[in-house]
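Because only heavy atoms are used, hydrogens play no part in the values below, and waters and symmetry mates are left out as well, while side chains stay in. In what follows, chains carry the letters A, B, and so on, assigned in the order in which the sequence lines appear, proteins first and then strands, with residues in each chain numbered from 1. What you see is a predicted model, and the numbers here were worked out from it, not measured in a lab.
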Amino acid sequence: MTFHLAVALHDTGWHPAAPPGDVLDPDFWVSQVQEAERGLATLVTLEDGFARRGLDSVLIALRAGPATSHVGVVPTVVATHTEPFHVSTQIATLDWVTAGRAGERIKVSADPAEAALFGRRDPNSETRETLFDEAADHVEVQRRLWDSWEDDAEIRDAATNRFVDREKLHYIDFVGSHFAVRGPSITPRPPQGQPIVTALAHVDTAYRLAARCADLVFTTPDGVGRDGPTGDAATTLRGVRSAEAEIGRDRPTQVLGDLIVFLDDDATAASTRWTRLDGERTLRSDADVFAGTVDQLATKLEGWAAAGLDGARLRPAVAEHDLPRITRDLAPELARRGLTRTAYEADTLRGLLGLEKPADRYAGVQ
Amino acid sequence: MNQPAKKQIHLAAHFPGVNNTTVWSDPASGSHIEFSSFEHFARSAERGLFDFLFLAEGLRLREQGGKIYDLDVMGRPDNVSILQAMAAVTSHVGLAGTVNSTFNEPLDVARKLASLDFLSGGRAAWNVVTSWDEFTGENFRRGGYLPKEKRYLRAKEMLDVAKQLWDTDGGEFDIHTDQFDITGRFPLPRSPQGHPVIIQAGDSEEGREFAAESADAIFTRHAEKQAGMEFYADVKARLAKFGRREEDLKILPAATFVLGDTEDEAAENARQVQYQQVSPATAIAFAEQVWNRDLSDVDPDGPVPSFDPVTENDVDSGQHFSKGRASVRQYRDPVATAQEWRELGEAKGWSLREVVIAKNGRHTFVGTPQRVADTIDDFVQSNASDGFVLVPHITPGGMDPFVDQVVPLLQEKGSFRTSYEGTTLRENLGLAPARALSQS
């Protein structure tokens with residue numbers, strides 16, 4: 001099994017005192033996604049949220065997608081304030097543009113300031129449980145819409161003048177407590193059939209959301225969640241698995257551990273750099289922070305693999321410094337230890353994750 | 001910089017739409033969804049030095065007689081998303097798309113369009129439209145119903161609020177209108193164009209006022225010279241009262257074209273395209289949109305039906321036989337339309353299909369490249385328009401003959417650029433920089 005190396009991109013880095021950069025310039029983002037591809041990363045995630053400064057992550061993914069050829073591209077979607085229909089067609093479009101490398105990270109927003117940007121709902125009337133339920137519905141609608149066109153719906157039949165076989169287009173008729181969506185999609189089924197859905201989870205409610213609707217889960221070993229410490233890698237993995245058992249999911253999700261990294265030639269230099277940046281603004285993080293050498297980090301990740309994690313999503317503390325260390329130094333070291341791939345073995349994100357293209361849920365249904 | 005002696009033509013390339021204008025039965029017709037088609041189309045538009053390319057939008061598959069309409073090309077990407085991807089494979093051509101104001105929220109739309117503007121180096125354009133029908137609304141949280149009288153209000157407020165958000169330059173806002181109650185901080189500074197280029201489509205009185213007040217370009221159907229000149233004079237005259245110059249609003253009629261090496265060959269090509277565009281099944285479907293009932297037992301090669309259309313359940317009732325198709329609204333008096341079709345058929349000895357072709361299948365420009373270039377130039381120099389939105393009938397290569405054969409002739413006339421003047425779409429359209437609302 002390949003241990004997956006994923007990279008999480010966020011502004012100029014995950015440390016709040018990371019030096020500023022031209023985050024509004026397309027080249028800033030394209031070059032980072034290309035750098036991740038150079039390190040043979042399975043996927044790149046892009047942070048987002050309406051109350052944070054910065055560009056729309058789905059559009060960053062669409063700008064970077066055509067400039068890369070193998071790496072999975074995974075922008076963030078806020079379920080609470082978006083239309084599932086629009087998100088479904090946006091992610092399907094990303095999948096068409098990248099010929100099968102699209103994913104998304106689904107998240108909820110309980111932030112009253114973010115709700116006020118839309119002015120459509122009262123955040124005080126919602127609980128985290130209802131927000132997570134809504135997010136699961138959001139993904140369910142997206143998934144049904146992706147399947148609402150069977151792969152061979154387009155027929156171009158000259159004899160009957162028909163462009164599509166409408167028996168292969170399906171109403172999804174989703175009715176939930178927050179919205180109802182009729183379908184079918186306006187966008188044909190994307191190349192992967194189902195693009196990859198991911199979620200970041202620190203606590204049981206989030207583990208359950210992931211178990212209900214995600215293909216891939218990011219946990220925070222030795223990190224901190226809403227309910228306190230998250231436990232070590234094995235503990236977070238057990239949290240995911242027990243949520244999966246609770247809802248009766250048959251195929252397990254793949255689980256990647258999150259880690260903020262400062263990488264330097266010696267461990268002292270890395271921790272000194274961290275301390276210096278903390279002097280400007282303190283890093284507060286849900287994920288654990290690693291400061292050390294490539295060799296030390298590779299050994300730590302071997303431990304994660306031994307604990308059963310499927311991979312790691314590394315968050316460079318300072319992108320311009322730590323991202324190239326990850327891709328040019330760490331990635332070859334992990335490959336040398338037989339942990340990660342030595343070349344891309346597939347052209348789609350599902351392929352890189354070892355997942356087949358799923359059958360269409362509506363195939364054969366009248 | 002040399003000032004061009006002649007009035008300059010502005011051209012846009014319309015990605016073939018999901019309607020019968022787009023021919024899918026031709027061997028040259030490629031994928032309507034794979035990115036390679038969009039890349040081909042975008043590169044052609046840029047090779048032709050077009051001001052921008054344009055994508056229309058539809059948020060629900062059309063239905064007729066309670067079934068999904070299956071005769072036309074269908075299946076399309078999300079507009080802003082595919083425009084963003086096309087930005088990756090081009091560097092000058094503008095990127096315009098329709099984004100609905102009914103089923104989107106201003107913060108999200110304004111952020112997406114500003115992001116597109118940043119991530120394309122100042123090439124974003126927005127055609128703002130509204131939907132009113134519950135049919136489309138069934139795909140969205142809102143549930144869709146917007147009273148007819150609120151259609152323009154919603155669009156105006158959406159546009160006005162989006163401009164206010166862009167003008168915060170990444171600062172605080174507190175906005176309360178009929179449609180929106182929003183507060184907070186906009187997450188982006190002003191984008192390269194300040195405001196993306198704003199496009200408005202529609203010929204109504206309300207649409208003309210809306211465009212004169214707040215749009216940078218207006219799409220029209222007036223591709224005939226006399227009607228075009230009247231429309232042009234009317235709309236341009238409205239600009240002064242909003243403190244705007246005539247050149248601040250570009251008038252761009254939609255136009256189709258069929259070329260040939262000789263006039264006869266072009267006419268024969270046009271006839272063939274018409275028959276591809278109106279198949280026997282499509283002719284029946286068009287008649288059903290007028291008759292508002294099933295006509296599957298009617299022979300398309302026989303005469304126009306002698307019976308009258310169904311007049312109950314008109315388009316405003318939401319119960320019309322044809323759903324999700326704005327063009328049905330043109331049949332305000334279907335009984336009279338049916339009578340007109342019958343008379344035409346009888347007078348010319350035409351079948352139903354031939355009548356539909358005559359009524360719906362006419363091409364704007366048919367001729368040799370020289371003839372088409374002459375016609376376009378005359379149209380623009382006569383102030384019947386500022387240019388055209390050209391609608392090819394083949395994906396993805398439909399624009400190529402025009403780019404290769406007509407554009408050089410327009411350049412020879414001194415009426416069309418030989419290289420892009422600016423880096424942003426506003427600069428190429430000859431528009432003034434976007435004004436912040438507080439200064440207007």
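Between chain B and the options N161(A), D27(A), D157(A), V58(A), heavy-atom pairs under 4.5 Å are most frequent for N161(A). Ranked by non-hydrogen atom pairs under 4.5 Å with chain B, the options R182(A), H81(A), E83(A), E114(A) are led by E83(A). In terms of non-hydrogen atom pairs under 4.5 Å with chain A, the most contact-rich of P192(B), S36(B), A88(B) is A88(B). Of all the listed residues (L119(B), L116(B), N104(B), D72(B)), the one sharing the greatest number of non-hydrogen pairs under 4.5 Å with chain A is L119(B). Interface remark: of the candidates R52(A), R156(A), R120(A), R156(A) forms the most heavy-atom pairs closer than 4.5 Å to chain B. Interface summary for chain B: among L117(A), D25(A), T82(A), the most heavy-atom pairs under 4.5 angstrom belong to L117(A). Of the listed residues (I186(A), T89(A), V30(A), T93(A)), the one with the most heavy-atom contacts under 4.5 Å to chain B is I186(A). Here R111(B) is the residue among M86(B), E39(B), R111(B), K67(B) with the most heavy-atom pairs under 4.5 Å with chain A. Of all the listed residues (S191(B), S25(B), P280(B), A87(B)), the one sharing the greatest number of non-hydrogen pairs under 4.5 Å with chain A is P280(B). For the options G121(B), P106(B), G184(B), S115(B), heavy-atom pairs under 4.5 Å to chain A are most numerous at S115(B). Between chain A and the options N139(B), I182(B), D181(B), heavy-atom pairs under 4.5 Å are most frequent for N139(B). Listed options P184(A), P190(A), G65(A) were ranked by heavy-atom pairs under 4.5 angstrom with chain B; first place goes to P184(A).
At least one side-chain heavy atom of F118(B) sits less than 4.5 Å from a side-chain heavy atom of L55(A). Inter-residue side-chain proximity for Q192(A) and P195(A) is flagged as met; some heavy-atom pair is nearer than 4.5 Å. Side-chain contact between W24(B) and E154(A) is absent, with no heavy atoms from C-beta onward closer than 4.5 Å. Considering only heavy atoms from C-beta on, P75(A) comes within 4.5 Å of I91(A) through its side chain. V164(A) is listed as a side-chain neighbour of W149(A), based on a closest heavy-atom distance under 4.5 Å. At a threshold of 4.5 Å between non-hydrogen side-chain atoms, the residues H170(A) and R144(A) do not count as touching. Counting only heavy atoms from C-beta outward, the side chains of W146(A) and T187(A) never approach each other to under 4.5 Å. Two residues are said to be in side-chain contact when any heavy atoms from C-beta on lie closer than 4.5 Å; M158(B) and E105(B) fail this criterion.
For I172(A), no part lies under 4.5 angstrom from a heavy atom of chain B. Looking at R53(A), both its backbone and its side chain come within 4.5 Å of chain B, counting heavy atoms on both sides. Within the 4.5 angstrom heavy-atom criterion, no atom of L165(B) approaches chain A. Of the two parts of S37(B), neither the backbone nor the side chain holds a non-hydrogen atom closer than 4.5 Å to a non-hydrogen atom of chain A. For Q179(B), no part lies near chain A; criterion is any non-hydrogen pair under 4.5 Å. If you measure heavy-atom distances from V80(B) to chain A, the contacts under 4.5 Å come from both the backbone and the side chain. Proximity to chain B (any heavy atom under 4.5 Å) is shown, for F174(A), by neither the backbone nor the side chain. Heavy-atom distances place no part of T98(A) under 4.5 Å from chain B, backbone and side chain included. Within the 4.5 angstrom heavy-atom criterion, no atom of A92(A) approaches chain B. In this structure, no portion of S88(A) lies under 4.5 Å from any heavy atom of chain B. Heavy atoms of P84(A) lying under 4.5 Å from chain B belong exclusively to its side chain. Residue D165(A): no heavy atom, backbone or side chain, is found under 4.5 Å from chain B. Heavy atoms closer than 4.5 Å to chain A are found in both the backbone and the side chain of E34(B).
Aromatic ring pairs are classed by plane angle as parallel below 30°, tilted from 30° to 60° and perpendicular above 60°; the pair F179(A) and H138(A) is perpendicular. Classification of the Y344(A)-H70(A) ring pair by plane angle, with boundaries at 30° and 60°, yields parallel.
Geometrically, R325(B) engages Y69(B) in a cation-pi contact, judged by NZ or CZ lying under 6.0 Å from the ring centre and within 45° of the ring axis. Cation-pi contact between R60(B) and F135(B): present, with separation from the ring centre below 6.0 Å and deviation from the ring axis of at most 45°.
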* To do: Determine, stepwise, if the pair F186(B) / F173(B) fulfils ring-ring contact (aromatic ring centres under 6.0 Å, His included).
  => CA-CA 7 Å; F186(B) 190 63; F173(B) 62 86; 7.2 Å; no
* To do: Quick one: do S148(A) and R189(A) satisfy side chain to side chain donor-acceptor pair (under 3.5 Å)? Show the steps, please.
  => CA-CA 7 Å; S148(A) 66; R189(A) 193 169 191 239; over 6 Å; no
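Looking only at distances, no side-chain donor or acceptor of D169(B) sits under 3.5 Å from a matching main-chain atom of P189(B).
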